Q: 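Here it is: the structure, laid out below.
Worth knowing before you read on, the calculation uses all heavy atoms, side chains too, and leaves out hydrogens, waters and symmetry mates. Naming convention: chains lettered A, B, ... in sequence-line order (proteins, then strands); numbering from 1 in each chain. The model shown is predicted, which means the values in this text are computed figures rather than measured ones.
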Number of protein chains: 2
Amino acid sequence: MARRSSADAIERATVRLFAKYGFVGVSIRDLAAEVGVSPAAIYNHTSSKEEMLWKIISRTMGDILGNAARAEAVSACPVAQLEVFMTNHVKYLAHHRGEARIGNTQWRHLTDERMQVVHDQRDQYARSLEAILSRGHSKGYFLQGSVKFASFSLVAMGLGVSQWFRSTGDHSAEEIAQIYVEFAMDLVRLDRDAHADSCPDLGHPGAEAATAPRPA
Amino acid sequence: MARRSSADAIERATVRLFAKYGFVGVSIRDLAAEVGVSPAAIYNHTSSKEEMLWKIISRTMGDILGNAARAEAVSACPVAQLEVFMTNHVKYLAHHRGEARIGNTQWRHLTDERMQVVHDQRDQYARSLEAILSRGHSKGYFLQGSVKFASFSLVAMGLGVSQWFRSTGDHSAEEIAQIYVEFAMDLVRLDRDAHADSCPDLGHPGAEAATAPRPA
DNA sequence: CCTACCGATCGGTAGG
DNA sequence: CCTACCGATCGGTAGG
């Protein structure tokens with residue numbers, strides 16, 4: 001795992017330390033020591049500490065909003081959309097644990113305008129999942145009517161993954177994502193018969209798993 | 001809402017500010033200014049800043065472990081235990097939002113031994129929920145076999161509540177707890193027939209809701 | 001409960 | 001990328 005450049009090494013150390021000790025709990029001197037340069041050298045790669053935080057958070061928010069957009073684009077069927085959304089959600093948070101922690105707990109240390117941007121993006125992410133659940137409920141695929149709370153729950157479940165996931169554990173991120181897709185389908189109360197009867201995109205990815213009778 | 005004493009006012013301000021800006025992001029001077037005393041006066045009520053953090057976290061962990069113990073004691077039936085566990089979980093986290101945030105994100109700023117205590121308590125909490133799910137699965141009430149991940153998911157869902165809940169919102173904590181109990185029963189795939197057939201504690205609290213056919 | 005202060009550390013910069 | 005340093009702020013204490 002060769003460090004390609006100081007910029008890279010600094011970015012990686014920043015994510016690791018901000019995630020562990022928080023933005024305020026990490027000094028420029030801590031970062032410099034971790035990378036093996038002088039404190040002043042950090043400022044060759046950034047204009048301020050807050051800029052480092054913003055870089056991490058804005059990239060992360062962009063990533064997950066991209067995942068959400070791809071989930072909505074994958075099919076006209078809310079079942080397929082939910083499956084892809086949840087898969088992306090869990091896999092991203094498992095593979096970007098530090099970024100997830102930072103994005104969720106450290107945005108209060110951004111300047112006011114940036115804090116507002118992040119707040120709006122979080123809102124947009126939750127609302128895009130909520131929209132999937134709403135459409136599925138309208139079509140009669142998802143019997144669960146509390147779409148707002150269901151949406152919050154599914155988002156929170158994924159954030160939980162970012163807290164305990166270890167790539168060295170018994171399950172890969174892929175396997176965990178599959179389990180969480182199953183949890184999601186149960187939580188929204190997928191009606192497999194209703195879905196099989198009127199799916200607008202027959203044969204979409206996961207349609208078989210979503211309509212086949214469940215193993216006892 | 002009269003402040004009964006400075007000690008009380010300091011404790012409340014500490015929870016509020018630690019939850020919002022983090023342990024390292026709040027200075028003794030911030031706390032003093034919030035309460036309206038001099039910085040030095042804070043030390044009439046505590047021996048150190050870390051002691052203030054420990055007081056909040058240890059009390060909170062004790063509270064939720066007590067909730068978990070009461071859930072296991074309420075009945076011999078895992079369905080009743082899960083219902084009570086989830087109700088307590090959601091209601092406590094809705095009513096102690098600041099403490100929940102602090103307990104979940106600020107324990108890294110405790111001394112090593114205290115950090116270990118909190119780590120063990122978090123483990124114990126998750127394992128007590130996991131034990132309920134395991135017993136329910138063995139008895140054939142809960143069809144979901146991924147009890148570890150289901151347990152993590154239910155804990156994370158509750159932590160989500162502590163992030164967005166407002167007592168001024170459309171739903172009371174009680175109402176939200178009921179919805180989340182429903183989510184939990186769906187996520188573990190409660191088999192209502194199996195439960196009605198062999199519940200070891202017929203007539204336990206919630207048994208009716210847990211066995212009655214679901215409204216369409 | 002206060003004023004006044006301790007040494008240490010902070011984010012950031014000057015100058016090379 | 002470095003050494004050396006700036007003013008500000010930190011947790012905590014002395015002395016009353």
Q: For W54(B) and dG11(D), what is the distance between atoms CH2 and C1' respectively, to the nearest whole Å?
A: 21 Å
Q: Output the rounded distance in Å from CE (M52(B)) to P (dG11(D)).
A: 11 Å
Q: If you find the nucleotide of DNA chain C closest to S48(A) and the one closest to I10(B), which residue's nucleotide is nearer the 5' end?
A: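 On the 5' side of the pair lies I10(B).
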Q: What integer distance in Å separates I42(B):CD1 from dG11(D):P?
A: 11 Å
Q: Using 4.0 Å as the upper bound for N to carboxylate O, is an ion pair formed by R114(B) and E51(B)?
A: yes
Q: Quick check on DNA chain D: between P39(B) and N44(A), whose nearest nucleotide comes earlier from the 5' end?
A: N44(A)
Q: Is V24(A) touching bases, backbone alone, or none of the nucleic acid, heavy atoms closer than 4.0 Å?
A: nothing
Q: Write down the distance between NZ (K49(B)) and P (dC10(D)), rounded to a whole number of angstrom.
A: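 The answer, rounded to whole Å, is 9 Å.
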Q: Provide, to the nearest angstrom, the distance between the NE2 atom belonging to H45(B) and the P atom belonging to dC2(C).
A: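 About 10 Å, once rounded to whole Å.
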Q: Taking CG from L31(B) and P from dT9(D), how many angstroms apart are they, rounded to a whole number?
A: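 Roughly 17 Å, once rounded to whole Å.
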Q: Within the 4.0 Å heavy-atom criterion, would you say A40(B) contacts the bases, only the backbone, or no part of the nucleic acid?
A: base
Q: Any Lys/Arg nitrogen of D8(A) or R12(A) sitting under 4.0 Å from an Asp/Glu carboxylate oxygen of the other?
A: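 A salt bridge is absent here (no side-chain N lies under 4.0 Å from a carboxylate O).
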Q: Grab the CD1-P distance between I28(B) and dC5(C) for me, whole Å please.
A: 21 Å
Q: Salt bridge check: are E11(B) and R59(B) linked by an N-O gap of less than 4.0 Å?
A: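 Answer for the salt bridge query: yes.
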Q: Taking the six-membered ring where the residue is Trp, are the ring centres of Y141(B) and H195(B) under 6.0 Å apart?
A: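 Ring-ring flag for Y141(B)/H195(B): true, centres closer than 6.0 Å.
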Q: Considering Watson-Crick and G-U wobble pairs with both distances under 3.5 Å, what does dC1(D) pair with?
A: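 dC1(D) is paired with dG16(C).
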Q: Less than 4.0 Å between a side-chain N and a carboxylate O, is that true for R135(A) and E72(A)?
A: yes
Q: Could you state the atom-to-atom distance from CZ of R29(B) to C1' of dA8(D) in whole Å?
A: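 Rounding to the nearest Å, CZ of R29(B) and C1' of dA8(D) are 11 Å apart.
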Q: Reckon S27(B) touches a base, only the sugar-phosphate, or nothing at all at heavy-atom distances under 4.0 Å?
A: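 Sugar-phosphate: the residue S27(B), judged by heavy atoms under 4.0 Å, touches backbone atoms but no base.
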